[in-house]
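The block underneath contains the structure these notes are about, expressed in structure tokens.
Here, residue 1 is the first one in the sequence, and each next residue gets the next number.
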Amino acid sequence: MSKVTLKNINKIYENGFQAVYDFNLEIADEEFVVFVGPSGCGKSTTLRMVAGLEEITSGELYIGDTLVNDVEPKNRDIAMVFQNYALYPHMTVKDNMSYALKVARVPKAEIDQKVQAAAKILGLEDYLDNKPKELSGGQRQRVALGRAIVRNPKVFLMDEPLSNLDAKLRVQMRAEIIKLHENLKTTFIYVTHDQTEAMPMGDRIVIMKDGYIQQVDKPDAVYFKPYNLFVAGFIGSPQMNFIDGQVSLVNEKYQIDILGQSLPIPADKGKILEKNGYLDKDIIMGIRPEHIYASDRPTNMPLEGRVDFLELLGSEHHVHLMVNDQEIVARINSDVLVEREKLLEVFIDPDKIHFFDPETELNVSLE
């Protein structure tokens with residue numbers, strides 16, 4: 001069993017700074033979990049505590065059924081892949097991949113077999129005699145992965161492993177890591193600050209902010225049912241639009257007053273808000289750019305704004321509209337004619353809107 005369990009994990013440094021607060025999570029055997037959040041949120045610190053590279057201030061960490069708080073990193077049966085590859089420059093690819101096995105006095109025949117097997121998986125068979133300086137960035141990262149694979153660990157830990165690669169290579173390596181996880185059938189914990197990397201990779205995503213877990217869920221649940229304002233804004237690109245307003249009930253129909261207009265909202269969402277006591281109170285409406293359209297659809301909510309800025313991205317445009325001095329971003333198909341400084345009428349999909357409490361920042365439109 002290679003499940004990983006973190007119970008009430010805290011990390012406080014000697015200067016009093018607390019990097020991680022009451023981190024609770026159970027990662028199942030063979031699960032791929034991604035820690036994601038902005039710089040300084042505590043994701044890498046948590047990963048390093050799992051690895052044994054950071055001391056746990058309080059709480060319990062289990063790998064399988066074994067408490068490992070005081071177990072040395074080399075005895076935890078984990079392998080870690082770093083951002084900077086951490087390869088020995090004077091060694092060949094083969095020697096880099098086999099080094100840990102040689103130190104552990106594994107028989108030479110077994111080492112050769114494991115290195116060849118890993119090289120085949122990673123497409124490195126023709127580069128085993130090369131030095132790291134003779135390889136591309138993507139090939140170096142494959143060597144770092146290969147060094148981890150040959151150890152056959154219970155848990156793979158990856159700390160921003162693709163951040164030094166260019167955009168095209170990052171996409172390629174993401175796919176390779178997903179396939180690697182499927183082939184190896186072991187537990188992966190992956191850290192990234194890039195939500196576009198986290199979404200396609202993880203079985204579950206752990207979103208962190210200021211040392212606290214904000215939400216743990218499957219990628220689609222995090223996207224469509226964000227727990228709070230931070231998650232809603234962090235996941236998705238461009239980020240969700242947030243508009244201050246008030247919800248009211250007029251002639252037995254629910255509406256929201258935003259940007260000088262009264263727009264209808266679905267009865268099911270209105271009933272949830274009424275039940276939670278949000279009628280005639282300040283509230284924050286959230287709507288993702290892809291749920292704002294430039295063509296009318298039945299029951300959609302119209303807004304008119306001036307096109308302030310336009311990002312042309314091939315199949316779509318990111319249109320920045322100014323509506324009553326507030327910027328709203330919409331993702332519009334490129335076949336729609338949009339001109340800067342011109343007025344554009346857009347329509348909000350009412351079934352896709354979210355509502356957040358201005359004080360608690362919680363999503364109050366979830367059942």
Side-chain angles (χ1 to χ4, degrees), residues 195 223-226 228-251 253-270 272-274 276 278-366:
Q195 53 94 16
Y223 188 80
F224 291 107
K225 295 183 178 181
N228 59 28
L229 202 66
F230 174 78
V231 174
F234 186 78
I235 298 296
S237 180
Q239 77 161 43
M240 183 181 287
N241 296 287
F242 299 113
I243 308 166
D244 294 334
Q246 279 195 341
V247 174
S248 56
L249 183 61
V250 178
N251 297 326
K253 293 184 178 181
Y254 295 99
Q255 65 182 37
I256 182 165
D257 299 321
I258 57 168
L259 305 174
Q261 301 183 54
S262 296
L263 305 178
I265 61 175
D268 58 342
K269 291 183 183 291
I272 294 171
L273 295 172
E274 182 178 14
N276 293 332
Y278 285 95
L279 286 188
D280 302 316
K281 291 185 178 179
D282 291 339
I283 203 163
I284 299 172
M285 189 188 88
I287 184 72
R288 294 198 181 278
E290 58 268 37
H291 299 143
I292 302 176
Y293 311 102
S295 58
D296 192 7
R297 301 187 181 193
T299 73
N300 277 4
M301 301 157 59
L303 287 174
E304 186 176 66
R306 178 180 54 81
V307 178
D308 183 58
F309 180 62
L310 193 60
E311 296 177 86
L312 307 179
L313 300 171
S315 62
E316 65 184 20
H317 302 327
H318 292 174
V319 181
H320 297 247
L321 292 170
M322 295 303 297
V323 183
N324 278 20
D325 297 325
Q326 173 158 345
E327 183 181 72
I328 294 176
V329 181
R331 284 172 59 177
I332 305 296
N333 287 338
S334 59
D335 57 359
V336 177
L337 178 61
V338 181
E339 297 181 74
R340 191 174 178 188
E341 301 296 337
K342 294 293 182 66
L343 292 177
L344 179 69
E345 189 174 49
V346 294
F347 298 85
I348 294 172
D349 187 338
D351 293 322
K352 305 297 185 183
I353 57 179
H354 301 267
F355 294 97
F356 302 90
D357 186 296
E359 293 184 6
T360 67
E361 298 190 351
L362 296 178
N363 189 337
V364 293
S365 53
L366 298 176

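Counting only heavy atoms from C-beta outward, the side chains of I353 and K269 approach each other to under 4.5 Å. Residues I256 and P264 form no side-chain contact, since every pair of their non-hydrogen atoms from C-beta on lies 4.5 Å or further apart. Inter-residue side-chain proximity for Q255 and L263 is flagged as unmet; no heavy-atom pair is nearer than 4.5 Å. A 4.5 Å side-chain heavy-atom check between L259 and Q326 finds at least one atom pair inside the cut-off. With contacts defined as side-chain heavy-atom distances shorter than 4.5 Å, the pair F309/V319 does not qualify. Using a 4.5 Å heavy-atom cutoff, the side chains of L273 and V247 are in contact. Looking at heavy atoms from C-beta onward, I292 lies in side-chain contact with N241 at the 4.5 angstrom threshold. Here the side chains of P226 and I235 are not in contact, with every heavy-atom distance at 4.5 Å or above.
Judged by distance alone, with hydrogens and angles left aside, the side-chain atoms of D349 form a donor-acceptor pair with the main-chain N or O of D351 at under 3.5 Å.
Residues satisfying the salt bridge (charged side-chain N to carboxylate O under 4.0 Å, His left out) criterion with D308, sequence neighbours excluded, are R306. In this view, E339 and K342 satisfy the salt bridge (charged side-chain N to carboxylate O under 4.0 Å, His left out) rule, not counting sequence neighbours.
Judged purely by distance below 3.5 Å, without hydrogens or angles, the side chains of Y278 and D357 pair a donor atom with an acceptor atom. In the model, D282 has a side-chain atom that pairs as donor or acceptor with a side-chain atom of Q246 under 3.5 Å. When only modelled atom types and interatomic distance are considered, D280 and S248 share no side-chain donor-acceptor pair under 3.5 Å.
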Check step by step if side chain to side chain contact (heavy atoms under 4.5 Å, CB included) holds for M240 and H354. CA-CA 10 Å; M240 183 181 287; H354 301 267; 3.5 Å; yes
Give the intermediate values and the outcome of side chain to side chain contact (heavy atoms under 4.5 Å, CB included) for residues Y254 and L279. CA-CA 9 Å; Y254 295 99; L279 286 188; 4.2 Å; yes
Please assess Q195 against F234 for the test side chain to side chain contact (heavy atoms under 4.5 Å, CB included), listing each intermediate value before the final yes or no. CA-CA 7 Å; Q195 53 94 16; F234 186 78; 3.9 Å; yes
Dump the intermediate steps for side chain to side chain contact (heavy atoms under 4.5 Å, CB included) on H317 and R331, then the final yes or no. CA-CA 6 Å; H317 302 327; R331 284 172 59 177; over 6 Å; no
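Once rounded to the nearest 0.5 Å, the distance linking CG of D244 with CG of D257 reads 12.5 Å. Atom NE2 of H318 sits about 6.5 Å away from atom OG of S237, to the nearest 0.5 Å. Here the CG-CD1 distance, from L303 to I287, works out to 10.0 Å after rounding to the nearest 0.5 Å. Note that CD1 of I348 and CD1 of I243 are 5.0 Å apart. Values are rounded to the nearest 0.5 Å. The NZ atom of K225 sits 7.0 Å away from atom CG of L366, with the distance rounded to the nearest 0.5 Å. To the nearest 0.5 Å, the span separating OG on S365 from CG on L362 amounts to 11.0 Å.
Across every non-hydrogen atom of A294 and V336, the tightest pair is CB-CG1, 3.8 Å. In this structure, G305 and V323 approach most closely via the heavy-atom pair CA-CG2, 3.8 Å. Closest heavy-atom contact between F356 and A232: CZ-CB, 3.6 Å.
Other residues, nucleotides and ligands contribute only 12 or fewer heavy atoms inside 6.0 Å of the CD atom of E359.
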